[in-house]
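As C-alpha cells, the structure follows; a few thoughts come after it.
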Amino acid sequence: MPNRTYITAEEEIMPGHKPMKDRLTLALCANASGDCKIKPLLVYHSENARTFKSHKILKEKLQVMWRSNPKAWVTRKFFVKWVNLVFGPSVKKYVQEKNLPVQALSHPRQCPAHPPNIEDDILEEFKFIKVLYLPPNTTPILQPMDQQVISNFKKLYTKHLFRRCFEVTETTNLTLREFWKDHFNIAICLKIVDQACWVLQRGP
C-alpha cells in the first residue's frame, strides 16, 4: 500500500484494529525473457488464517507456495523448499518443453534467505541449477525481476486493490475504515495477488 493513506492517519484512533501491522512477503520469480513465470513463495505470520475456513480455501490449491513464521520473513528453509518443490520442477519442465539444454542459472541477491552454499541443499535431480549471487548493490541494475517486473506487479496489485475498495464502498455507506476492517483480509489479498500475476503473465 502507499505510505500515505487515510488509514495511516486514523490508525492511532482505531481501537483493536491495526491494518498496517498485517504484512506478508511475496517472492516473485521469472526468467530473463519473461516467458517462464514461477509460482511465487508467500510467507505470512499465520499458518492457518481464520479467513481460509470461511472462504473454503485450501492452501494446497493456492497459486502461491504458502509458508509462515511470526515475522513473515523468507528464511533459508523456506527458500530451499521452494527451490526443490516449485522452482526446480518448473524450470526442468520448461527447458524440456522448449528442447533446451537441461541447465539453469539462478541470480538471487545476497540476503539471509540466500546464504552461501545453498546449492548443497538442492535435490540431486535439480543439480543442473547453478546459483550465482549478484555483487552487493547491483540488484536494481542486474536482476531481471528488478527491471520493472516487481514494480509493475505492485502497480497492478494496488490498482486491483483500490478497484475492490471502490466496488465495495461506492454503493454503500461504508467508510474507508470499515472497508479495511470488515471487507479486506488475507483471503481477499490472495485473490488480488492472483489477478495481478495473471495480468503479468499475459505480457511478453
Side-chain angles (χ1 to χ4, degrees), residues 1-3 5 7-8 10-12 14-30 37-91 93 108-109 111-115 118 121-123 126 145 150 153-154 156-165 167-169 172 174-201:
M1 283 300 301
N3 290 330
T5 65
I7 197 68
T8 304
E10 296 179 355
E11 189 175 5
E12 295 300 324
M14 292 178 62
H17 184 60
K18 302 293 184 181
M20 297 299 287
K21 295 185 181 298
D22 194 14
R23 64 189 62 194
L24 57 82
T25 299
L26 185 69
L28 300 173
C29 179
K37 297 178 177 68
I38 312 297
K39 177 189 288 190
L41 168 64
L42 187 147
V43 185
Y44 192 56
H45 62 75
S46 173
E47 175 64 26
N48 296 294
R50 286 180 293 180
T51 57
F52 280 12
K53 186 174 182 179
S54 59
H55 286 78
K56 298 181 180 180
I57 294 176
L58 298 176
K59 288 183 291 184
E60 298 77 13
K61 301 294 185 179
L62 293 174
Q63 297 302 309
V64 298
M65 182 178 180
W66 180 278
R67 289 295 183 270
S68 66
N69 65 32
K71 294 185 178 181
W73 287 353
V74 175
T75 63
R76 178 192 177 103
K77 179 181 178 181
F78 292 165
F79 183 71
V80 170
K81 280 283 188 181
W82 176 81
V83 169
N84 287 325
L85 297 179
V86 177
F87 180 75
S90 298
V91 172
K93 179 182 178 182
R109 65 184 180 90
C111 68
H114 309 149
I118 204 164
D121 296 321
I122 297 177
L123 295 177
F126 305 128
M145 296 303 295
I150 293 175
F153 169 84
K154 290 180 178 179
L156 288 167
Y157 176 88
T158 303
K159 175 184 176 181
H160 287 294
L161 174 59
F162 280 115
R163 177 179 293 170
R164 178 172 180 81
C165 177
E167 290 173 351
V168 172
T169 59
T172 67
L174 289 175
T175 65
L176 188 58
R177 179 194 304 181
E178 290 169 332
F179 167 77
W180 287 117
K181 185 175 181 180
D182 301 321
H183 296 271
F184 187 78
N185 51 50
I186 185 62
I188 303 301
C189 172
L190 287 171
K191 291 181 180 180
I192 296 175
V193 167
D194 289 347
Q195 290 174 322
C197 285
W198 185 79
V199 174
L200 280 178
Q201 288 172 356

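If you read the sequence from its start, that first residue is 1, and numbering goes on from there.
One distance of note links CG of Leu24 with OG of Ser46; it measures 12.0 Å at 0.5 Å rounding.
Considering only heavy atoms from C-beta on, Trp82 stays 4.5 Å or farther from Val74 through its side chain. With a 4.5 Å cut-off on side-chain heavy atoms, Val86 and Leu41 do not count as touching. Contact check for Asp121 versus Phe79: no side-chain heavy atoms found under the 4.5 Å cut-off. No side-chain heavy atom of Lys191 sits less than 4.5 Å from a side-chain heavy atom of Arg164. Under the 4.5 Å side-chain criterion, counting only non-hydrogen atoms from C-beta, Cys165 is not in contact with Trp180. Using a 4.5 Å heavy-atom cutoff, the side chains of Leu174 and Phe179 are not in contact. The side-chain heavy atoms of Asn84 and Ile122, taken from C-beta on, include a pair separated by under 4.5 Å.
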Please step through side-chain contact (heavy atoms from CB on, under 4.5 Å) for the pair Phe126 and Val91, ending with a clear verdict. CA-CA 9 Å; Phe126 305 128; Val91 172; over 6 Å; no
Where do Ile118 and Val83 land on the side-chain contact (heavy atoms from CB on, under 4.5 Å) test, with the steps shown first? CA-CA 10 Å; Ile118 204 164; Val83 169; 6.0 Å; no
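The backbone N or O of Ala72 sits less than 3.5 Å from a side-chain atom of Thr25, completing a donor-acceptor pair.
Between Val43 and Trp73 the shortest heavy-atom distance is CG1-O, 3.3 Å. Here the closest heavy-atom approach between residue Asn69 and residue Phe78 is recorded as ND2-CE1, 3.5 Å.
Checked against side chain to side chain contact (heavy atoms under 4.5 Å, CB included), Lys59 has the following partners two or more places apart in sequence or in another chain: Glu47, Asn48, Phe52, Leu62, Trp66. Not counting sequence neighbours, the partners of Thr51 by the side chain to side chain contact (heavy atoms under 4.5 Å, CB included) test are Ala49, Ser54, His55, Asn185, Ile186, Ala187. Under the side chain to side chain contact (heavy atoms under 4.5 Å, CB included) criterion, Lys61 pairs with Leu58, not counting sequence neighbours.
Heavy-atom contacts from other residues, nucleotides or ligands closer than 6.0 Å to CZ of Arg76 number more than 12. Other residues, nucleotides and ligands place more than 12 heavy atoms under 6.0 Å from the NZ atom of Lys39.
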